Amino acid sequence: MSMGNDGTATRRILILGGTGEARALATLLVERGHTVTSSLAGRTRQPERPIGAVRIGGFGGVAGLAAYLDAYRIEVLIDATHPFAAQISANAAQAARAVGVTLIRIERPQWKRPEGAQWIEVDDMDAAAKVLPGGANVLLTIGRQELAPFMARADCRFVARMIEVPEGVPERWRVVAERGPFAPETERALMQAEAITHLVSKNAGGDQTAAKIEAAAQLGIPVVMVRRPLLPPALVAHSVADVVLMIDGVG
Ligand code: NAP
């Protein structure tokens, strides 16, 4: 810990990122004089870069992350990864414990079923693919590494929306390469233009991609909602502002 010009404590902070919250948090913490490095997995070719220092690529498991925390004398580790990035969250919990670094995880509130909407909740992508009825015309809003179970459903048609166009997608699929945020009107227009009968989504939560839930409810389109994975216990913040308060309180 060192002191900023205004006498407040400044810290060496590592943010595990890849989300809008992580970028917002990096900006706020840099503004407050902290020494901030954001870590990205390196999955997207043109990531939105956070303010402050950025490192890209895996650490090499728990041991690699623990070694990084130690080598860079990180004082606070913030897990601001996507709620479905369960491996890195588990690694963060173990590595932080191993080297005695404070870990704060941001957990955005989950999406709730709008009144009257049809939701089919499932535990994973395999279950989501199985629950679709034959002949369904499905809007898939999942990552490109999660498509395999749906490719096995040759009896359904898929419109897959994701940040980058993946390889190996069947010819009859339509891929829409787009990055959020999305508005309810454009979500409705997409669902209507493609005659969508089912939406598949992870319960990511947050504002950036919530419009599809509203649009599906308005159009009476059932949502196959994949539940969040369980994450290890951690000090949890529910917003970026909460994290800033917690960091001020770290002794
Ligand atoms: P994951 O399955 O939890 O992690 C797999 C491995 O990727 C980790 O063991 C780690 O490798 C590396 N990794 C993940 N996040 C990292 C980070 N921020 N910095 C450095 N290495 C990281 O992760 P995922 O679900 O593939 O997600 C990858 C990234 O995309 C995350 O940063 C996440 O926030 C973002 N993202 C994910 C989703 C999603 O739905 N999963 C959606 C939007 C954004 P090592 O073991 O070698 O350290």
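We count ligands from 1, going down the list as the structure has it; atoms in each ligand are counted the same way. The model shown is predicted, which means the values in this text are computed figures rather than measured ones.
Ion pairing between R179 and E48 holds under the 4.0 Å rule for side-chain N and carboxylate O. With respect to E146 and K202, a salt bridge is recorded, a charged nitrogen being found less than 4.0 Å from a carboxylate O.
Sorted by chain then number, the residues whose non-hydrogen atoms approach ligand 1 to under 4.0 Å are G17, G18, T19, S39, L40, A41, R43, R55, G57, G58, F59, G60, G61, T81, H82, F84, A85, A86, Q87, I88, N91, K202.
Side-chain heavy-atom separations under 4.5 angstrom define the hydrophobic clusters, and the remaining members of the one that includes L14 are L16, F59, L65, Y68, L69, Y72, I74, L77, I88, V99, V101, L103.
At a cut-off of 3.5 Å, with distance as the only test, no side-chain donor of R161 or T141 sits close to an acceptor on the other residue. A donor atom on one side chain and an acceptor atom on the other are found under 3.5 Å apart for R157 and N137.
The CZ atom of R227 lies 4.5 Å from the CG atom of D123; values are rounded to the nearest 0.5 Å.
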